[in-house]
Enquirer: 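Quick one: the structure is below, questions incoming.
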Amino acid sequence: MTDCKKCGQPAAIYLTRYGLGFCSDHFLEFLRNKVKKSIHKYKLLNPYDRIAVALSGGKDSAVLLHILDSIYSEALDLIGLHINLGIEPSNYSKISLNLARELCSDLGREFYCVDLRKEYRISMDLVEKKEKQLKRSLCGICGTFKRYLLNKYSLELDCEKIATGHVLDDEVSVLLMNMINGNVEQLVRTGPNLIAKNEIMITRIKPLYEISELETMIYAQFANLKIQDVECPYSKGASSLKYKKLYLMFENQLPGLGITFLHNFHKKILGPLQEYYQTTREKVRICAICGG
Ligand code: Q46
Ligand code: ZN
């Protein structure tokens with residue numbers, strides 16, 4: 001039996017990637033410190049920022065709010081922002097909303113919910129019924145609604161930034177997907193700190209950028225967080241899930257591959273790619289203006 005690296009008590013978890021064991025309290029501390037390091041490294045936060053935290057009711061965003069609240073308690077003004085997507089099967093949206101609201105109330109943080117049905121008189125249930133007539137995937141449409149509404153309401157709520165619960169697994173699998181499909185426009189817009197380019201956009205930050213989904217799962221369990229345990233009924237067949245499986249296959253063969261890929265992409269590939277993208281975009285714009 002392994003002991004906790006910090007206190008010598010029997011370890012509740014052994015992390016093969018680091019070769020370290022921790023009791024539950026010291027695992028929570030270990031993960032908070034990891035997030036803190038990413039926040040400093042990527043300059044994600046300033047003291048007394050007002051931050052909207054996109055809360056889905058699921059584990060990653062719940063862990064994000066819990067960690068930010070634990071690290072910064074008084075030093076950040078945190079607001080939970082939830083989008084009710086109107087998904088009735090398995091009571092999905094109702095349960096998600098209640099969990100997100102409850103977490104904010106437990107932590108004494110402001111909570112705000114935006115209802116898709118009130119905004120657009122549409123729900124994801126209605127979108128699903130029309131799926132065959134649509135050219136985009138359900139998750140693609142849902143993602144656009146969410147990005148737009150999170151941006152709009154975090155600005156209306158006078159927030160400086162919006163924090164999302166994207167974890168390492170999400171980032172690596174999306175990078176893989178965009179590289180394989182040659183989506184340069186998407187590739188140049190990745191990273192933990194997406195700074196707003198104008199006043200109608202808000203800066204988007206990802207404090208869990210270097211944290212794996214397995215780590216958020218363990219954190220949620222050790223911190224006794226109540227989280228949505230039902231999968232979204234419309235997630236089946238989503239291509240992002242297929243790329244995530246592909247990534248995990250690689251990661252199982254070569255532990256640490258994901259974080260190395262992410263670091264190398266940002267250190268060595270992103271800069272030249274952004275330069276290339278700027279020059280080619282400029283050419284297209286010139287052609288469009290002169291009609292050539
Ligand atoms: S809620 Fe929406 Fe997700 Fe459901 S329809 Fe897809 S994107 S899976 S995170
Ligand atoms: Zn310990």
Side-chain angles (χ1 to χ4, degrees), residues 1-15 18-34 53-64 81-100 113-117 119-120 122-132 134 136-150 162 164-167 169-171 173-174 177 186 204 206 208 213 216-219 221-223 227-245:
M1 162 85 72
T2 318
D3 292 335
C4 170
K5 180 193 180 275
K6 283 275 184 148
C7 66
Q9 297 292 313
I13 187 77
Y14 181 76
L15 304 172
Y18 310 98
L20 297 173
F22 289 109
C23 68
S24 54
D25 283 351
H26 285 121
F27 174 79
L28 297 178
E29 185 187 272
F30 164 78
L31 213 69
R32 286 178 197 136
N33 285 336
K34 257 188 91 176
V53 178
L55 281 186
S56 65
K59 71 175 179 331
D60 297 336
S61 56
V63 167
L64 170 64
L81 180 54
H82 175 77
I83 312 291
N84 186 337
L85 298 164
I87 299 176
E88 287 191 12
S90 318
N91 265 335
Y92 183 76
S93 285
K94 199 175 166 195
I95 296 173
S96 303
L97 167 63
N98 287 339
L99 288 167
C113 173
V114 181
D115 196 314
L116 199 58
R117 287 162 294 199
E119 284 290 316
Y120 301 124
I122 202 168
S123 64
M124 281 309 294
D125 285 349
L126 269 176
V127 176
E128 196 265 341
K129 287 199 178 78
K130 307 262 178 205
E131 192 184 5
K132 289 201 179 88
L134 302 167
R136 291 186 65 195
S137 69
L138 277 184
C139 288
I141 296 169
C142 180
T144 306
F145 280 140
K146 286 194 283 189
R147 270 191 305 279
Y148 178 77
L149 291 171
L150 289 172
I162 181 153
T164 60
H166 291 96
V167 292
D169 308 45
D170 301 319
E171 292 301 305
S173 46
V174 167
M177 180 168 79
Q186 309 298 326
R204 285 184 287 142
K206 300 171 187 170
L208 303 183
E213 205 167 320
T216 59
M217 210 156 73
I218 302 166
Y219 186 100
Q221 199 185 323
F222 287 173
I227 47 169
Q228 173 66 279
D229 51 8
V230 174
E231 261 199 26
C232 169
Y234 304 142
S235 66
K236 288 178 201 85
S239 44
S240 58
L241 289 183
K242 292 178 191 158
Y243 283 96
K244 204 177 268 184
K245 272 192 189 158

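In listed order, ligands and their atoms are each counted from 1.
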Enquirer: Any idea how Tyr120 and Tyr148 line up, ring-wise: parallel (<30°), tilted (30 to 60°), or perpendicular (>60°)?
Expert: tilted
Enquirer: Please list, in chain and residue-number order, the protein N/O/S atoms closer than 2.8 Å to atom 2 (Fe) of ligand 1.
Expert: Cys142 SG
Enquirer: Report the distance from atom NZ of Lys236 to atom CD of Glu231, rounding to the nearest 0.5 Å.
Expert: 7.5 Å
Enquirer: State the CG-OG distance between Asn98 and Ser93, to the nearest 0.5 angstrom.
Expert: 10.5 Å
Enquirer: Give a yes or no answer on whether the side chain of Thr2 reaches the backbone of Ala11 with a donor-acceptor pair at less than 3.5 Å.
Expert: no
Enquirer: Any chance you could measure Arg136, atom CZ, to Leu138, atom CG, to the nearest 0.5 Å?
Expert: 10.5 Å
Enquirer: Among residues at least two apart in sequence or on other chains, which ones pass ring-ring contact (aromatic ring centres under 6.0 Å, His included) with Tyr14?
Expert: none
